[in-house]
Amino acid sequence: MLNLRLDHSGVDISATLTSLSDYTAHLQAVRSSGGYEALEASLNLPFDDQLLERVKALASEKVSPQLKYTVVVGIGGSNLGTKAVYDALLGYHDLLEPSRFPKMLFAETTDPEVLASLNSLLATLTQPEELLLVVISKSGGTTETLANFEILTAPLRDRFGSAATDRVVTITDDGSKFMQAAEAAGIAHLGMPAKVGGRYSVLAAVGLFPLLSVGLNVDQLRHGARSLMDSCLSGDNIAAKSAAALALNQADGRTINDNFFFHPELESLGKWYRQLMGESVGKQRNLDDQIVYAGITPTVSLGSTDLHSVGQLYLGGPKDKFSTFISSTKSVDITVPAGRTFPDLVPMISGKSAAAIMTAILDGTKIAYQKAGRPFMEITLDALDEQSIGAFLQFKMLEMMYLGRLLNVNSFDQPSVESYKIETKRLLQA
Ligand code: PA5
């Protein structure tokens, strides 16, 4: 499903790995509990069959062959995981497959032009069943999400009346004010456990419901996550290993972790990881309440595209980066024909598959990194499917728990995000 190689990571992780064994025992206990009380509660999501039943039951009520668009209204932890999986498996190809439905659309920030375009598109729908509006907010108090919900639903109500209400599903903390308000308005809702933070929630209803609504196989997504977790917590702990490599590289001054995805459709997966790492370990204070300004800055690059933009910087610029190359071993068969229009230009590509060319580019890049003294680790997915993506998501969420432990910070809070939300509301009130 997923392999990790640390041969060129530039660090010896053995002692650091040993230091994490207590924490592994704690994570095993969290897993055995099966409950949602611990900070690491998200580990139990892919094993929660009642959760899956609730999601499937609501999907069977709301999703029909008429569905054309699932619009996810949410931001940050409430939509990045869903977008990561959707774009990896379907969304990146949306433009090239205009007649494939249902499609997923996203209302994230309050960009007026994007919202106006969305409303124009929704105005073309002829019946309410063509749309599902999934409004996701853990807190129920995020300005962008609530503003977008109102902007998108007002014209729908004008056209379809109370039938528009039936096309809305809200996902929020169990028992929250938002859930109570949805209940009072007769809007369907799914809950999430309070201890599961937004950036760890892709395997909660937050991700499962919208992904299921567009036909993705959430059973396989969960299966991939479960297998990865089982193998990490009771065998080869690649999550702890990569956390150790990241922490040791950071200690050596490589404070940027560039995630180089050799599949453009994984860009959103990179952005999901950027939030996961940014919010989890970017902290002013450590667990001893000392001011430390901790963090590793996550960046996302796409192979081979970005070799033609930032490759020069990465190979020739400051030695402040530790890179992660992410690729997949399986791909479709498409080949440069042997009989070419320009046989004398780059002659060595004749008859070669696109995958073989990409592999040569990746291998060439790794050799160039080694020669330039730039450390990296490698993650290889067996395929680009629900199972492998589920494994990757779980691998990274687990890695982040270990990394927080190594950097002595709380991987589960985000006090500085809250401060911008408070200031925004203050300004809007004026
Ligand atoms: O991780 C986080 O806490 C944030 O990025 C939130 O996910 C984001 O601000 C959205 O918050 P909410 O889901 O409460 O609307």
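Read the numbers this way: they start at 1 and go in the same order the structure lists the ligands and their atoms. All residue numbers in this chain count up from 1 along the given sequence.
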Ring pair (Phe, Tyr, Trp, His ring centres under 6.0 Å) between Y273 and F392, intermediate numbers included: CA-CA 10 Å; Y273 182 62; F392 182 87; 7.1 Å; no
Verdict with reasoning, F261 to F325, per ring pair (Phe, Tyr, Trp, His ring centres under 6.0 Å): CA-CA 6 Å; F261 290 86; F325 292 118; over 10 Å; no
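Salt bridge status for E129 with K68: absent, with no side-chain N to carboxylate O gap under 4.0 Å.
The closest non-hydrogen atom to atom 8 (C) of ligand 1, taken over V206, I75, V73, comes from I75. By heavy-atom distance, the residue among Q414, E279, M192, E108 lying nearest atom 4 (C) of ligand 1 is E279.
Tested against S64 for a side chain to side chain donor-acceptor pair (under 3.5 Å), the candidates E61, Q66, K62 yield a single pass: Q66.
With contacts defined as side-chain heavy-atom distances shorter than 4.5 Å, the pair N79/E108 qualifies.
The aromatic rings of Y369 and F260 sit perpendicular to each other, their planes meeting at more than 60°, with 30° as the lower class boundary.
Taking every heavy atom of S78 and a limit of under 4.0 angstrom, the matching atoms of ligand 1 come to 7 (O), 12 (P), 13 (O). Close contacts of ligand 1 with K421, meaning ligand atoms under 4.0 Å from a residue heavy atom, involve 8 (C), 9 (O), 10 (C), 11 (O). Every atom of ligand 1 with a heavy atom of T142 under 4.0 Å away is listed here by number and element: 10 (C), 11 (O), 12 (P), 14 (O), 15 (O).
For atom 14 (O) of ligand 1, the closest non-hydrogen atom of the protein is S139 OG, 2.6 Å.
For Q275, the closest heavy-atom approach to ligand 1 falls below 4.0 Å.
Annotation: G77 places an N or O atom under 3.5 Å from an N or O atom of ligand 1; distance criterion only.
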